[in-house]
Amino acid sequence: EAEVAQSPRYKITEKSQAVAFWCDPISGHATLYWYRQILGQGPELLVQFQDESVVDDSQLPKDRFSAERLKGVDSTLKIQPAELGDSAMYLCASSSTTGGYEKLFFGSGTQLSVL
Amino acid sequence: KQEVTQIPAALSVPEGENLVLNCSFTDSAIYNLQWFRQDPGKGLTSLLLIQSSQREQTSGRLNASLDKSSGRSTLYIAASQPGDSATYLCASDQTGANNLFFGTGTRLTVIP
């Protein structure tokens, strides 16, 4: 069964350093999402792409976070500089229309620890 | 902004028991309500989606209900099994664009 691929699985960095996460959605899925999940909380949407265009980035801290999906396939989320409060699980998801609605498929995430 | 609450935060039950997980939301103008399962250190798996016009959805031993007027949804799990142990999250979609507002989840442990 096709899966959303994310790498790296774990990332440890020091504050003020730059980090990048990669996501490859399920083939054919036009919509891609980046969510952030702080320990003990539910995920929060950071950015949503439709093909290569940003649909919603209202909750993305744009002073330090950036996201791109240049060819409308895989995507990169970058943080520069990283802060202690950025420690979280970063989840990528893609969606397809199933039974009349957009069903979400999540990757296993990148666990970021900022020291 | 939509606020989604899940109670209890954790629940332990013996194998075979039927159980109900609760989800409440403050803004009843939802497009749909979704339930997910998350295993430790993993991503989320979509379980059920209830459209705003629906009252319930069923998949196997899972049944989710929706009462928009009271701002509540429940996930019923029948004949629980140890493999059901996971965190269950509900999320509301206000627009149909999958910009989901998640609850903090209920961590379920099914004891063999």
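Each chain gets a letter, A, B and so on, in the order its sequence line appears, and its residues count up from 1.
Hydrophobic cluster membership is shared by B:W35 and B:L62, with clusters built from Ile, Leu, Val, Met, Phe, Trp and Tyr side chains linked at under 4.5 angstrom. Each of B:V4 and B:L100 belongs to its own hydrophobic cluster when Ile, Leu, Val, Met, Phe, Trp and Tyr are linked at side-chain heavy-atom distances under 4.5 angstrom. Taking hydrophobic clusters as Ile, Leu, Val, Met, Phe, Trp and Tyr residues chained together by side-chain heavy-atom distances below 4.5 Å, A:L104 shares a cluster with A:L45. Following chains of ILVMFWY side-chain contacts shorter than 4.5 Å, one cannot reach A:F106 starting from A:L32, and the two form parts of different hydrophobic clusters. One hydrophobic cluster, built from ILVMFWY side chains closer than 4.5 Å, holds both B:L21 and B:I50.
Residues in residues 12-28 of chain A take part in these side-chain hydrogen bond (donor to acceptor under 3.5 Å, both in side chains) pairs, two or more places apart or across chains: A:W22-A:D74. Within the structure, every pair that satisfies the ring pair (Phe, Tyr, Trp, His ring centres under 6.0 Å) test and touches residues 89-112 of chain B, not counting sequence neighbours, is listed here: A:Y35-B:F102, B:F36-B:F102.
Neither the backbone nor the side chain of B:Q6 comes within less than 4.5 Å of any heavy atom of chain A. The contact between A:Q37 and chain B is made entirely by side chain atoms (from C-beta outward), counting heavy-atom distances below 4.5 Å.
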Could you list the donor-acceptor pairs under 3.5 angstrom formed by side chains in residues 107-115 of chain A, with sequence neighbours left out?
residue	atom	partner	partner atom	Å
A:T110	OG1	A:P8	O	2.5
A:Q111	NE2	A:A88	O	3.4

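The shortest non-hydrogen separation linking A:L91 to B:Q38 is CD1-NE2, 4.5 Å. Counting all heavy atoms, side chain and backbone alike, A:G40 lies closest to B:T104 at O-CB, 3.8 Å. Residue A:Q59 comes nearest to B:N99 through the heavy atom pair NE2-OD1, 4.3 Å, listed as atom of the first residue, atom of the second, then distance. The two residues A:K103 and B:S46 have their closest heavy-atom pair at CE-CB, 3.9 Å.
Residue-level contacts of residues 75-98 of chain B with chain A, in order of numbering, are B:L89, B:A97, B:N98; threshold 4.5 Å between heavy atoms.
Residue B:I111 qualifies as enclosed at atom CD1: its count of foreign heavy atoms under 6.0 Å is above 12.
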